[in-house]
Amino acid sequence: MGCFFSKKSKRKSPEKEDPTPTTTTVETTTTSNAVPLGNNTDEAPKQYSWDKREKVDPKDYMLTGLKDVTVGRLPGKLNGQQFVIQECENCNIFVLDHSATITIDDCVNCRIVLGPVKGSVFFRDCKDIKCVVACQQFRTRDCKKMEVFLCCATQPIIESSTGMKFGCFQYYYPELAFHFKDAGLSIFNNNWSNIHDFTPVSGENNWSLLPEASAVLDFVPAPDAESEFKSVRISGEPTRSIVPLTKGGRRKDSEESCLFVFFAGEYTTANARKMIDEVSAKGFVLIQTKEVSMRPEDVKRVFQNSAEDLVEWITKGPVIALELNGDGVVEACKNIAIEVFSGTKVFVSDNKNTSSRDVDNFFNFADMQMGL
């Protein structure tokens with residue numbers, strides 16, 4: 001293994017009062033007129049913070065009973081609210097904003113793009129759906145024939161669903177990176193291929209992975225030029241995708257993998273993306289990524305002999321880890337660490353004989369940390 005451098009409320013309880021209305025008077029030495037207190041009709045009613053909130057119209061946060069149309073929400077229209085899609089047929093649906101949760105019920109033959117969802121995305125009783133989804137939790141129930149380009153922070157779950165196919169999230173629009181941040185999602189925590197089937201059938205496969213060369217826009221085309229979304233610059237190119245394209249659970253091309261870890265710093269995310277570009281240009285493959293926090297005892301267990309030099313760096317924030325694959329990848333990564341990231345704190349596998357152990361140690365820890 002080797003290392004390189006980067007009030008308590010003061011309001012009193014109301015006293016018991018005589019239910020009979022009374023009027024309090026104050027006498028002065030200059031007049032005998034009484035001044036009533038507590039019944040001043042000119043006094044403005046007290047306003048509370050919830051009185052000033054903008055009223056929410058539920059219709060703004062749902063699409064229902066639509067057919068043969070292109071619809072959705074532009075960036076800035078949801079701002080973290082819940083959203084509902086139901087009983088739509090042959091529609092192109094673009095929800096290009098971050099949201100709290102989204103449920104999709106009884107939809108048929110639709111193409112759907114969902115911006116980052118802080119909580120869950122739940123498809124129920126849907127058929128012939130092609131979609132792009134980024135979320136914390138993904139679940140389907142009683143669905144048939146879905147093709148999903150997915151970024152999911154936890155293990156995706158299907159239940160009583162058949163003909164399900166999954167690929168890695170590949171999508172871009174200008175606000176997407178900010179929407180991931182607003183939804184509290186990391187672009188490096190993507191378990192798109194680690195599917196759990198609640199209702200497996202003996203001798204049958206209810207789900208599979210899409211072909212590796214699948215292009216997202218072949219499944220979910222960009223909005224047409226006549227729609228309200230025409231001004232949004234959308235791309236399905238893997239190199240522009242906000243979420244890194246990973247091989248996931250597909251069979252690796254080589255027996256040699258390398259662990260490359262960036263420790264928290266000002267440009268950690270940008271450095272990780274640059275590293276992915278560097279190794280991809282050399283023909284190596286990104287298998288998986290993770291962004292997790294570590295404790296001193298975790299560092300000792302994962303990095304073993306190199307732990308002493310790394311403990312102080314985990315206090316600065318989460319680490320970002322990459323598994324890279326291909327013949328000669330370890331030596332190539334060591335060279336890139338020296339030539340490109342000399343001023344950045346990183347860990348890189350030292351040799352190919354121990355690199356597989358490095359990969360297993362880190363990603364087994366990360367999966368346990370995330371409850372996978």
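- No continuous path of hydrophobic side-chain contacts links L245 to L209 [ILVMFWY only; heavy atoms under 4.5 Å].
- Here the straight-line distance linking atom CZ of F94 with atom CG of L74 works out to 11.0 Å at 0.5 Å rounding.
- Remark: the E291 side chain and the S186 side chain contain an N/O donor-acceptor pair separated by less than 3.5 Å.
- How far CZ of R301 is from CZ of R295: 7.0 Å, rounded to the nearest 0.5 Å.
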Practice task
Applying salt bridge (Lys or Arg N to Asp or Glu O under 4.0 Å), run through D253 and K247 and close with a yes or a no.
Solution key: CA-CA 10 Å; D253 298 327; K247 196 176 184 71; 3.7 Å; yes
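- I338 approaches S342 most closely through the heavy-atom pair O-CB, 3.3 Å.
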Dump the intermediate steps for side chain to side chain contact (heavy atoms under 4.5 Å, CB included) on F123 and C131, then the final yes or no.
-> CA-CA 11 Å; F123 284 85; C131 57; 4.0 Å; yes
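- A salt bridge links K290 with D367; the closest basic N to acidic carboxylate O contact falls under 4.0 Å.
- Aromatic ring orientation, W207 versus F166: perpendicular (interplanar angle above 60°, classes split at 30° and 60°).
- Other residues, nucleotides and ligands contribute over 12 non-hydrogen atoms within 6.0 Å of the CG atom of N335.
- No side-chain heavy atom of C151 sits less than 4.5 Å from a side-chain heavy atom of I187.
- Side chain of Q369 to main chain of S293: a donor-acceptor pair is present (N/O by atom type, distance under 3.5 Å, no hydrogens or angles).
- By the 4.0 Å N-to-carboxylate-O rule, K145 lies close enough to D128 to be salt-bridged with it.
- Shortest non-hydrogen contact noted between K352 and S355 is O-OG, 3.2 Å.
- Under the 3.5 Å distance criterion, the side-chain polar atoms of D224 are matched with a main-chain donor or acceptor of S227.
- The shortest side-chain heavy-atom distance between C143 and D125 does not fall under the 4.5 Å cut-off.
- Although no hydrogens or angles enter the test, the distance criterion places a donor-acceptor pair under 3.5 Å between the side chain of E256 and the main chain of V330.
- The residues D97 and R73 are annotated as not salt-bridged, no charged nitrogen and carboxylate oxygen being separated by less than 4.0 angstrom.
- Under 3.5 Å, the side chains of Q137 and T154 contain no donor-acceptor pair of N or O atoms.
- Between F149 and F219, the ring-plane angle classifies as perpendicular under the 30° and 60° cut-offs.
- The aromatic rings of F169 and F180 sit perpendicular, their planes meeting at an angle over 60°, well past the 30° parallel limit.
- Clustering ILVMFWY residues whenever any of their side-chain heavy atoms sit less than 4.5 angstrom apart, transitively, puts Y172 in the very cluster that holds L185.
- In the model, W192 has a side-chain atom that pairs as donor or acceptor with a side-chain atom of T246 under 3.5 Å.
- Going from atom CZ of F260 over to atom CD1 of I320 covers 12.0 Å, rounded to the nearest 0.5 Å.
- Classified by interplanar angle (parallel below 30°, tilted 30° to 60°, perpendicular above 60°), the ring pair F365/F362 is perpendicular.
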Could you go step by step and tell me if C333 and L324 meet the side chain to side chain contact (heavy atoms under 4.5 Å, CB included) rule?
CA-CA 9 Å; C333 286; L324 303 154; 3.6 Å; yes
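- Residues S120 and F138 form no side-chain contact, since every pair of their non-hydrogen atoms from C-beta on lies 4.5 Å or further apart.
- Side chain of S160 to main chain of D142: no donor-acceptor pair is present (N/O by atom type, distance under 3.5 Å, no hydrogens or angles).
- With salt bridges taken as basic N to acidic carboxylate O contacts below 4.0 Å, one links K334 and D350.
- Here the SG atom belonging to C88 is positioned 4.5 Å from the CG atom belonging to L66, to the nearest 0.5 angstrom.
- The backbone N or O of G248 sits nowhere less than 3.5 Å from a side-chain atom of S193 that would complete a donor-acceptor pair.
- Under a hydrophobic-cluster definition in which Ile, Leu, Val, Met, Phe, Trp and Tyr are linked whenever side-chain heavy atoms come within less than 4.5 Å, directly or via other members, V113 and F122 are assigned to different clusters.
- Under a hydrophobic clustering in which Ile, Leu, Val, Met, Phe, Trp and Tyr are joined whenever their side-chain heavy atoms come within less than 4.5 Å, directly or via other members, I287 and I276 fall into different clusters.
- More than 12 heavy atoms of other residues, nucleotides or ligands sit less than 6.0 Å from atom CD of E228.
- Of all heavy-atom pairs between F83 and L63, the closest is CZ-CG, 3.7 Å.
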Would D218 and V216 satisfy side chain to side chain contact (heavy atoms under 4.5 Å, CB included), going step by step from the backbone distance to the final call?
-> CA-CA 5 Å; D218 291 340; V216 65; over 6 Å; no
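- A salt bridge links E147 and K130; the closest N-O separation between the charged side-chain nitrogens and carboxylate oxygens is under 4.0 Å.
- Taking 4.5 Å as the limit, every side-chain heavy atom of I158 sits out of range of all side-chain heavy atoms of R139.
- Evaluation of the side chain to side chain contact (heavy atoms under 4.5 Å, CB included) rule for N364 yields D360 as partners, not counting sequence neighbours.
- Salt-bridge check for K316 with E266: failed, with every basic side-chain N at 4.0 Å or more from each acidic carboxylate O.
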> Can you list the steps and then say if H98 with F178 is a ring-ring contact (aromatic ring centres under 6.0 Å, His included)?
Replying inline: CA-CA 9 Å; H98 68 101; F178 298 104; over 10 Å; no
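- Residues S257 and E323 bring a donor and an acceptor atom of their side chains to less than 3.5 Å of each other.
- Side chains of N325 and S254: a donor-acceptor N/O pair is absent below 3.5 angstrom, by distance only.
- The backbone N or O of Q155 lies less than 3.5 Å from no partner atom in the side chain of N194, so there is not a single donor-acceptor pair.
- Counting only heavy atoms from C-beta outward, the side chains of E212 and R250 approach each other to under 4.5 Å.
- In terms of heavy-atom proximity, F363 sits nearest to L322 at CZ-C, 4.1 Å.
- A donor-acceptor contact shorter than 3.5 Å links the side chain of N206 to the backbone of T199.
- Here the side chain of S241 pairs a donor or acceptor atom with the backbone of Y171 at under 3.5 angstrom.
- If you take CG on L310 and CG on D298, they are separated by 12.5 Å, rounding to the nearest 0.5 Å.
- Contacts of N90 classified as side chain to side chain contact (heavy atoms under 4.5 Å, CB included), with partners at least two apart in sequence or in another chain: D68, N109, R111.
- A salt bridge does not link D277 to K274: none of the charged nitrogens lies less than 4.0 Å from a carboxylate oxygen.
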Candidate pair I93 and I85, rule side chain to side chain contact (heavy atoms under 4.5 Å, CB included), full reasoning
CA-CA 9 Å; I93 299 173; I85 303 170; 3.8 Å; yes
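- Residues I112 and I104 form a side-chain contact, since some pair of their non-hydrogen atoms from C-beta on lies under 4.5 Å apart.
- Within the 4.5 Å cutoff, no side-chain heavy atoms of F262 are placed close to those of F347.
- The backbone N or O of L210 sits nowhere less than 3.5 Å from a side-chain atom of S214 that would complete a donor-acceptor pair.
- Within 6.0 Å of the CD atom in E297, the count of heavy atoms belonging to other residues, nucleotides or ligands exceeds 12.
- Side-chain atoms of T315 never come within 3.5 Å of backbone atoms of W313 as a donor-acceptor pair (strictly under, hydrogens ignored).
- Note on Y61 and V117: same hydrophobic cluster, where clusters join Ile, Leu, Val, Met, Phe, Trp and Tyr whose side-chain heavy atoms are under 4.5 Å apart, directly or indirectly.
- Residues T354 and S349 fail the side-chain proximity criterion, which asks for heavy atoms closer than 4.5 Å.
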